[in-house]
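Scroll down for the structure; my scribbles are underneath it.
Just so we're clear, the structure is a prediction, and the values are computed from it rather than from any experiment. Labels below follow one simple rule: chain letters A, B, ... track the order of the sequence lines, proteins then strands, and each chain is numbered from 1.
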Amino acid sequence: MLDIQLIRSNPDDVKKRLRAKRVDESLVDGILNLDKRRREIQSKSDEMKKTRNERSKEIGNLVKQGQDASALKEETRLLGERIKDLDVDLKNIEEEQHQLLLTIPNMPHESVPVGESEESNAVVGEWGEKPNFHFEPKPHWEIGEKLDILDLPRATKIAGSGFPLLKGSLARLERTLISWMLDLHSREHGYVETAPPYLVNRKSMTGTGQLPKMEEDMYLCQVDDLFLIPTAEVPVTNIHADEILNGAQLPVYYVAYTPCFRREAGSHGKETRGLTRVHQFSKVELVKLVKPETSYNELETLLKNAEEVLRRLGLHYRVVALCSGDLSFSAAKCYDIEVWAPGMQKYLEVSSCSNFEDFQARRAGLKFRREAGAKPEFVHTLNGSGVALPRLMIALLETYQQPDGTVKIPDAIRGIFGADVLKN
RNA sequence: GGUGGGAUGGCCGAGCGGUUUAAGGCGGCGGUCUUGAAAACCGUUGAGCGAGAGCUCCGGGGGUUCGAAUCCCUCUCCCACCGCCA
């Protein structure tokens with residue numbers, strides 16, 4: 001959520017920055033109009049309440065002295081009715097303004113290139129090289145089918161298309177990777193391991209920005225009005241919702257493994273082969289709550305922490321800085337990490353590392369106090385995948401596949417996986 | 001799911017219709033004293049809106065009243081016991 005005071009004091013600047021994110025500026029004007037009306041009504045109501053408070057005190061004194069206060073009582077009662085009417089108006093306008101504010105996306109950071117679509121994204125880093133094969137590398141779905149470790153037809157029978165069924169060594173590989181990544185981030189990178197709820201309420205979904213605009217992308221359990229989480233970002237960022245943290249506690253780092261559920265409405269037929277785009281997947285997520293002045297440095301270290309996963313596994317990847325038009329609703333700046341999948345001959349996004357500045361903090365009520373007695377300030381929130389499992393496994397299968405159809409296990413996880421080669 | 005008891009400032013806890021602009025204690029911060037510290041004493045210490053005057057907030061929402069932390073209704077959550085279940 002944007003700061004209404006910022007919108008009020010710099011409307012043209014806000015409009016300009018939102019234009020880079022393809023937001024119609026009439027939305028901003030609508031909010032400014034409501035804001036003006038809101039403040040007028042509020043100050044009228046406040047004045048009348050002041051009068052009422054004074055009169056109530058007077059009445060109290062008169063009654064105490066045994067004098068007649070009925071005329072004053074009646075007069076005050078009428079005043080009270082007018083206040084009630086005003087407050088109903090006020091509440092409606094506040095609600096309308098709040099709902100409008102919730103639909104405005106975050107503004108891009110000044111370092112973000114302005115652009116309409118992913119064509120304007122910039123590759124800002126690259127690690128390793130595309131591996132060479134002396135045979136034709138297969139896509140992961142062929143490797144998985146051959147080894148009988150990936151069974152998409154049966155998963156479709158059970159749930160529908162877009163739901164994976166891992167078996168045998170692939171299921172084991174996923175479990176190994178989850179555990180290994182959690183250890184890496186918690187033991188070496190300083191993140192506190194968490195295991196959050198997989199279903200969350202509307203308030204949490206609104207706090208991180210999935211609601212109100214992306215409801216159709218989420219799975220909803222209607223009887224309880226709870227959503228299956230699309231990412232651990234939602235429960236984890238909301239851990240400290242409506243709290244004022246002690247400044248000395250910051251930065252707060254959390255890592256969580258959760259399954260993620262996404263309806264992927266409207267994306268059928270697009271990159272949906274195999275495990276590339278599924279409705280349910282596993283992910284290890286990194287979340288940071290930090291002081292505002294540190295958030296852009298924190299974004300860089302967050303990115304490094306996520307990259308470390310791919311480096312240790314020896315996977316070639318590149319880092320892409322998203323342009324303004326490609327940023328998600330809540331993000332001010334975002335890097336995507338894209339891992340190379342040689343069988344598909346494609347880079348696949350395995351992580352998005354974003355700085356949301358105070359956008360989510362305002363929605364979720366995430367504050368901190370610099371020192372005793374200081375005014376509460378909003379924290380900055382960040383998150384990034386560290387990393388998403390299906391595409392990571394795609395890259396592993398396709399990168400380390402061997403001519404006989406088996407797959408080598410990289411050194412980093414060989415010990416805990418318990419084998420050198422993935423067979424079936 | 002049933003019955004009963006709760007929800008007050010960072011924490012504990014009083015208040016049950018009008019100096020509550022929320023007592024008191026703990027904790028925090030500042031000061032006096034001290035070589036320094038502890039103890040003692042003094043002061044201070046919640047949030048939101050508003051340009052400001054000021055207004056609002058005692059779990060959420062609604063009601064009664066000139067006036068509600070206080071009375072009524074309702075919801076949520078917590079605790080206890082019972083039932084059901086992993």
Side-chain angles (χ1 to χ4, degrees), chain A residues 1-11 31-102 195-207 221 223-227 235 238-250 252 289 358-379:
Chain A
M1 195 158 58
L2 299 182
D3 182 4
I4 182 64
Q5 298 189 31
L6 177 74
I7 300 176
R8 195 188 297 143
S9 55
N10 298 305
I31 284 183
L32 285 170
N33 281 334
L34 280 176
D35 185 53
K36 187 155 173 266
R37 274 169 63 204
R38 195 196 97 235
R39 283 184 302 152
E40 282 166 4
I41 294 177
Q42 170 129 26
S43 95
K44 207 187 285 179
S45 165
D46 283 357
E47 241 165 73
M48 287 162 77
K49 280 175 182 165
K50 185 189 176 188
T51 309
R52 181 178 65 182
N53 290 344
E54 288 165 356
R55 289 196 189 157
S56 290
K57 225 163 251 176
E58 253 178 80
I59 292 168
N61 288 333
L62 288 175
V63 169
K64 215 174 280 175
Q65 291 161 23
Q67 297 184 33
D68 175 45
S70 52
L72 193 54
K73 268 194 192 179
E74 176 59 13
E75 198 185 321
T76 312
R77 190 182 64 77
L78 292 171
L79 181 66
E81 279 174 10
R82 288 207 284 149
I83 291 173
K84 201 176 280 180
D85 289 344
L86 269 187
D87 280 352
V88 168
D89 288 352
L90 184 62
K91 208 177 160 189
N92 288 338
I93 288 180
E94 272 175 353
E95 183 58 23
E96 196 181 335
Q97 181 180 345
H98 185 67
Q99 291 307 321
L100 265 180
L101 270 175
L102 287 177
Y198 302 158
L199 277 81
V200 297
N201 55 31
R202 278 180 191 276
K203 184 173 182 296
S204 298
M205 286 293 246
T206 307
C221 300
V223 279
D224 297 300
D225 205 32
L226 292 171
F227 292 85
N238 278 287
I239 288 175
H240 296 291
D242 297 320
E243 290 182 25
I244 300 173
L245 298 167
N246 185 335
Q249 288 173 253
L250 297 178
V252 171
L289 309 182
D358 65 7
F359 187 83
Q360 293 181 325
R362 276 178 200 285
R363 294 174 156 242
L366 295 162
K367 297 184 173 183
F368 77 103
R369 212 190 299 276
R370 276 182 199 277
E371 63 232 5
K375 278 275 164 216
E377 301 171 52
F378 289 108
V379 302

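- Atom CD1 in Ile244(A) sits roughly 11 Å away from atom P in rG46(B) (whole-Å rounding).
- Heavy atoms of Lys91(A) sit under 4.0 angstrom from primed sugar atoms or phosphate atoms, though from no base atom.
- For the C1' atom pair drawn from rC57(B) and rA22(B), the interatomic distance equals 12 Å after rounding to whole Å.
- For Asn33(A), there are no side-chain hydrogen bond (donor to acceptor under 3.5 Å, both in side chains) partners two or more places apart in sequence or in a different chain.
- Judged as a side-chain hydrogen bond (donor to acceptor under 3.5 Å, both in side chains), and not counting sequence neighbours, Arg37(A) has no contacts.
- In terms of phosphate contacts, Arg369(A) brings no side-chain nitrogen or oxygen within less than 4.0 Å of OP1 or OP2 of rG10(B).
- Residues Asn201(A) and Ser204(A) bring a donor and an acceptor atom of their side chains to less than 3.5 Å of each other.
- With C1' as the reference atom, rG31(B) and rA39(B) are 16 Å apart, rounded to whole Å.
- Using a distance-only test at 3.5 Å, with no hydrogens or angles considered, no donor-acceptor pair links the side chain of Ser45(A) to the main chain of Ile41(A).
- Straight-line distance between the P atoms of rG6(B) and rC72(B): roughly 12 Å, to the nearest whole Å.
- Identified under the salt bridge (charged side-chain N to carboxylate O under 4.0 Å, His left out) test for residues 79-89 of chain A, with sequence neighbours left out: Lys49(A)-Asp87(A), Arg77(A)-Glu81(A).
- Listed by residue number, Ser56(A), Ile59(A), Gly60(A) are the residues of residues 54-62 of chain A with a heavy-atom contact under 4.0 Å to RNA chain B.
- Atom C1' of rU56(B) sits at a distance of 39 Å from the matching atom of rG1(B), rounded to the whole Å.
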Polar atom pairs (N or O), protein with nucleotides 54-58 of chain B, under 3.5 Å:
from, atom 1, to, atom 2, distance (Å)
rG54(B), N2, Asp46(A), OD2, 3.1
rC55(B), O2', Asp46(A), OD1, 2.9

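- If you measure from atom CD of Glu371(A) to atom P of rG30(B), you get 10 Å, rounded to the nearest angstrom.
- Checked against side-chain contact (heavy atoms from CB on, under 4.5 Å), Glu47(A) has no partners two or more places apart in sequence or in another chain.
- A distance of 10.5 Å separates CD in Glu371(A) from CZ in Arg369(A), rounded to the nearest 0.5 Å.
- Taking atom C1' on both rG46(B) and rU8(B), the two are 12 Å apart, rounded to the nearest angstrom.
- Separating the CD atom of Gln67(A) from the P atom of rG18(B) is a distance of 20 Å, rounded to the nearest angstrom.
- Summary of the strand contacts: Asp35(A) and Pro376(A) both lie near RNA chain B, and taking for each the nucleotide with the nearest heavy atom, the more 5' one is attributed to Pro376(A).
- Note: CE (Met48(A)) to P (rG67(B)) measures 13 Å, nearest angstrom.
- Between Thr206(A) and Arg363(A), the shortest heavy-atom contact is O-NH1, 2.8 Å.
- The interatomic distance linking Arg370(A) (CZ) with rG28(B) (C1') rounds to 19 Å, in whole Å.
- Straight-line distance between the P atoms of rG15(B) and rG63(B): roughly 29 Å, to the nearest whole Å.
- Considering only residues two or more places apart in sequence or on other chains, Arg38(A) meets the salt bridge (charged side-chain N to carboxylate O under 4.0 Å, His left out) condition with Asp35(A).
- Atoms CZ and CG, on Phe359(A) and Asp3(A) in that order, are 12.0 Å from each other to the nearest 0.5 Å.
- Screening Lys203(A), Lys367(A), Arg362(A) against Asp242(A) for a salt bridge (Lys or Arg N to Asp or Glu O under 4.0 Å) leaves a single residue, Lys203(A).
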Query - Watson-Crick or G-U pairs under 3.5 Å in RNA chain B, rendered as dot-bracket with [ ] for crossing pairs and | for another strand - result: ((((((((.[[[..)..(.....]]]((((((.......))))))((((....)))).[[[[[..)....]]]]])))))))....
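- Glu54(A) is linked by a salt bridge (charged side-chain N to carboxylate O under 4.0 Å, His left out) to nothing, counting only residues two or more places apart in sequence or in another chain.
- Contacts between residues 75-88 of chain A and RNA chain B, defined by a heavy-atom separation below 4.0 Å, involve Thr76(A), Arg77(A), Lys84(A), listed by number.
- Nucleotides rA14(B) and rA37(B) have their C1' atoms positioned 35 Å apart, rounded to a whole Å.
- Distance Lys203(A) NZ to rG59(B) P: 17 Å, rounded to the nearest Å.
- If you take CG on Leu78(A) and CD on Glu74(A), they are separated by 4.5 Å, rounding to the nearest 0.5 Å.
- Remark: Asp224(A) engages no residue in a side-chain hydrogen bond (donor to acceptor under 3.5 Å, both in side chains) (not counting sequence neighbours).
- In this view, Gln99(A) and Glu95(A) satisfy the side-chain hydrogen bond (donor to acceptor under 3.5 Å, both in side chains) rule, not counting sequence neighbours.
- Between Arg39(A) atom CZ and rG52(B) atom C1' there is a gap of 12 Å when expressed in whole angstrom units.
- Rounded to whole Å, the distance from CD on Gln5(A) to P on rG48(B) is 11 Å.
- Rounded to a whole angstrom, the distance from the P atom of rG10(B) to that of rC58(B) is 14 Å.
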